[in-house]
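Notes for the one structure printed next.
Note that this is a predicted model, so its numbers are computed, not measured. Sequence lines set the chain letters: A, B, ... in the order given, protein chains first and strands last, and positions in each chain run from 1.
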Amino acid sequence: MADSLHLYDTLTQKLQPFTPQKAGRAGVYCCGPTTYDVAHVGHARAAITPDILVRTLRAHGLEVTFVRNVTDVDDKILKRAAESGEEPMALSARMAALYQEDMRALGCVAPDVEPRVSGHIPEIVALVEKLIAGGSAYVAEVAGGVRDVYYAVRSFDGYGKLSKRNVDDLRVGARVEASDEKRDPLDFALWKGCSGDAWGWDSPWGKGRPGWHIECSAMSSRYLGHGFDVHCGGMDLIFPHHENEIAQSEAAHPGEGNFAATWIHNGFVNVDKEKMAKSLGNFVTIRQTYDRNDPEALRWFLLGVHYRGPIGFDTEKREDGRVVFPGVQEAERRVDYLYTTLERLAVVAAGAEDGAPAPKELAATQKLAAEARAKVLAALDDDLNTPVALAVLQDLARAGNELADLAVKKRKDAYFLRGAGVVAAEVAGALRASCEPIGMLQTPPEEYAARTRTRRLGLLGLTAEAVEQKLVERTAARQAKDFARADALRKELDALGLEVADSPTGTTWRVGVV
RNA sequence: GGUGAGGUAGCCAAGUGGUUAGGCAAUGGUUUGCAAAACCAUCAUACGCGGGUUCGAAUCCCGUCCUCACCUCCA
């Protein structure tokens with residue numbers, strides 16, 4: 001596989017063939033959340049990108065160690081906790097749990113290791129000591145006997161190589177804070193000292209907290225070693241976060257090569273062409289989308305655009321005041337389509353007979369099914385091109401529906417149905433197998449149908465019983481050939497957002513995407 | 001100012017030298033007691049603008065306009 005997967009590497013700014021550092025294995029590190037608030041859609045995108053990468057690597061048979069950290073010690077956490085009177089670690093733990101829940105619902109594979117800063121203070125302290133000993137960092141006295149430790153940016157020759165900046169440019173346009181403690185305005189904190197009663201840990205420099213950046217150097221090294229395969233994160237982390245990680249890690253491992261072999265960075269989620277961000281106040285939380293739409297719809301929505309490009313997230317305010325997310329709604333209809341296709345195929349597949357020959361007119365469909373997973377993997381090999389992967393799935397699903405339509409048309413042709421059933425099973429299997437590398441369709445169809453029905457009925461303020469009652473009435477009217485009455489009832493249900501379908505085998509209903 | 005990412009048909013979005021995705025919307029059709037869903041067809045000789053290279057350019061080169069992001073916390 002090593003030569004089929006190509007990833008765009010931020011460091012070299014080129015599409016690079018992926019070659020594992022250790023044969024048969026891959027180490028992936030992803031910058032996880034700082035746990036001071038609930039995650040928004042931008043965080044979902046940042047999580048789903050490494051998810052696709054890890055799935056792709058595993059689909060190729062590599063043994064992947066996926067590390068995603070939790071930054072549970074940070075000034076923002078301290079500030080937020082102080083506002084509400086909550087203990088900082090309690091806030092962190094609460095937000096970390098919500099984050100994990102959000103990502104699990106999104107269908108993201110769980111990290112193999114999910115290290116927290118609070119559990120790795122000794123590793124961080126050791127790394128800072130090493131940097132001081134190597135001349136890359138220095139201790140600075142702050143008022144009141146408190147001591148900080150700073151990284152001396154100019155001591156590292158490669159500084160700026162990831163973000164394509166040079167230190168002098170930075171200096172000119174710098175809005176970097178100069179302070180008395182820093183020898184150079186560009187220097188950044190490795191350890192921030194604090195007084196006795198403040199939130200902190202003991203260290204050789206007195207009580208304090210780790211600076212931002214150092215935790216990722218310490219924890220990635222602990223679990224993946226220096227020079228692991230892929231480091232992921234949002235594009236806004238390139239500078240300064242990842243630049244600083246490189247400086248710290250490479251200074252601590254002189255002569256051991258690059259900190260990470262490949263850097264991939266996902267683009268932003270935009271609202272009105274502007275980056276979704278806490279500071280702009282234009283963010284929508286992941287849970288807000290889950291309230292309205294299925295988590296799998298959000299996944300489909302996010303995969304519809306290549307990870308490096310911007311993706312627009314629209315919100316629309318309806319007359320009744322409710323806010324909807326048109327893009328995610330559209331995605332939910334697509335997800336419905338896929339699950340419905342699986343259900344239809346299952347019906348046809350139930351009529352399969354072992355060894356029955358596949359009908360000639362389904363030869364092209366069989367071919368599509370046989371090739372689908374390989375096509376999805378080929379798309380993912382091309383720098384995780386998920387939009388192309390989705391197109392493959394839709395082509396296959398269309399073929400599946402064509403088959404199901406044909407089976408209805410030929411419902412009296414027992415010979416055809418036995419063979420078509422075999423093909424239907426092939427298509428359904430291919431659909432599932434092709435969805436697996438992108439984490440779609442991982443729920444049994446009936447479970448998906450049940451959970452979306454429940455959610456949508458709730459949004460509409462309806463109960464299944466009320467709907468069923470209307471349908472009983474309508475069925476009676478239809479049997480009495482009172483079509484005027486039947487249509488009136490249909491109209492009524494339709495206005496409520498319900499889709500009623502009459503078929504030879506009876507009437508079914510579903511709630512449309514709301 | 002420095003650095004980076006983008007501008008593709010009504011909308012979203014793949015495509016990086018020659019047969020080019022996929023989705024949404026719209027219109028027509030198959031099906032249906034009527035519908036919905038599904039399927040078929042059309043919309044699609046589109047690629048910010050101006051030059052150039054080439055037998056041939058959305059794709060390469062030069063110039064130019066516009067948008068966004070990072071340079072401060074940020075996924």
Side-chain angles (χ1 to χ4, degrees), chain A residues 10 13 15 30-34 36 39-50 74-76 79 160 163-166 168-177 186 212 232-241 243 265-270 272-280 283 300-301 304-306 308-312 314 326-327 329-331 333-334 336-337 340-341 344 379 382 385-395 397-406 408-409 478 481-484 486-487 490-491 493-494 498-504 507-510 512:
Chain A
T10 306
Q13 299 177 284
L15 204 59
C30 163
C31 287
T34 298
Y36 70 104
H40 60 62
V41 177
H43 299 107
R45 192 173 197 207
I48 215 169
T49 303
D74 179 272
D75 285 357
K76 286 195 291 294
K79 182 166 177 275
S163 56
K164 319 302 168 201
R165 286 158 165 78
N166 71 62
D168 297 314
D169 280 348
L170 277 175
R171 193 142 211 198
V172 172
R175 280 179 279 175
V176 180
E177 239 179 283
L186 296 180
W212 185 40
C232 312
M235 276 175 176
D236 46 3
L237 294 185
I238 295 172
F239 190 90
H241 186 55
E243 197 67 63
H265 291 98
N266 62 275
F268 301 123
V269 174
N270 290 338
D272 294 330
K273 300 205 170 182
E274 277 187 320
K275 174 185 164 187
M276 180 183 287
K278 283 271 157 69
S279 52
L280 291 168
F283 62 91
W300 183 271
F301 170 78
V305 180
H306 180 83
R308 246 171 332 102
I311 183 169
D314 295 329
Q329 279 185 315
E330 185 184 321
R333 290 192 191 97
R334 294 283 89 204
D336 271 17
Y337 170 75
T340 307
T341 303
R344 297 187 72 200
D382 182 17
N385 195 332
T386 52
V388 168
L390 300 196
V392 173
L393 297 177
Q394 300 196 107
D395 281 342
R398 190 197 311 108
N401 279 300
E402 215 177 330
L403 190 168
D405 278 0
L406 202 57
V408 171
K409 232 174 251 167
R478 287 184 75 215
K481 303 267 184 223
D482 182 0
F483 291 124
D487 287 353
R490 171 196 284 290
K491 219 168 185 178
L493 290 162
D494 198 55
L498 299 157
E499 293 169 7
V500 178
D502 299 320
S503 81
T507 297
T508 57
W509 63 280
R510 60 185 291 282

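- Going from the C1' atom of B:C40 to that of B:U54 covers 40 Å, rounded to whole Å.
- Side-chain nitrogen and oxygen atoms of A:N166 include none within less than 4.0 Å of the OP1 or OP2 phosphate oxygen of B:G2.
- Side-chain contact check for A:D336 versus A:R510: some heavy-atom pair is nearer than 4.5 Å.
- B:U31 atom P lies 8 Å from atom NZ of A:K409, rounded to whole Å.
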Could you run down the sub-3.5 Å N/O contacts of the protein with nucleotides 32-34 of chain B?
unit_1	atom_1	unit_2	atom_2	d
B:G33	N7	A:R478	NH2	3.4
B:G33	O6	A:R474	NH2	3.3
B:G33	O6	A:R478	NE	3.0
B:G33	N1	A:D487	OD1	3.0
B:G33	N2	A:D487	OD1	3.1
B:G33	N2	A:D487	OD2	2.6
B:C34	O2	A:D487	OD1	3.2
B:C34	O2	A:R490	NE	3.4
B:C34	N3	A:R490	NH2	3.0
B:C34	N4	A:R490	NH2	3.3
B:C34	N4	A:D502	OD2	2.6

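- Regarding A:F268, its CZ atom lies at a distance of 13 Å from the P atom of B:G6, rounded to whole Å.
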Could you list, one pair per line, each protein nitrogen or oxygen that sits under 3.5 Å from a nitrogen or oxygen of nucleotides 8-11 of chain B, together with the distance?
none

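- Nucleotides B:U53 and B:C66, compared at atom P, are 28 Å apart to the nearest Å.
- To the nearest whole angstrom, the two C1' atoms, one in B:G10 and one in B:G63, are 32 Å apart.
- Between A:K275 atom NZ and B:C73 atom P the separation is 11 Å, expressed in whole Å.
- A gap of 13 Å separates the P atoms of B:A35 and B:G28, to the nearest Å.
- On the C1' atoms, B:C12 is 32 Å away from B:G51, given to the nearest whole Å.
- You'll find the side chain of A:C31 reaches within 4.5 Å of the side chain of A:H241, heavy atoms only.
- Spacing between B:A38 and B:U32 at atom C1', rounded to whole Å, works out to 12 Å.
- Taking atom P on both nucleotides, B:G29 is separated from B:G18 by 39 Å, rounded to a whole Å.
- Protein atom CG of A:N270 is 16 Å distant from nucleotide atom P of B:A5, rounded to whole Å.
- Nearest heavy atoms, A:G234 versus A:H265: O-CD2, 3.4 Å.
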Tabulate atom names and distances for all N/O pairs under 3.5 angstrom spanning the protein and nucleotides 37-44 of chain B.
unit_1	atom_1	unit_2	atom_2	d
B:A38	O2'	A:R344	NH1	3.1
B:A38	O2'	A:D405	OD1	3.3
B:A38	O2'	A:D405	OD2	3.0
B:C39	OP1	A:Y337	OH	2.4
B:C39	O4'	A:D405	OD2	3.1

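- Computed from coordinates, the A:K273 NZ to B:G7 P distance equals 11 Å when rounded to whole Å.
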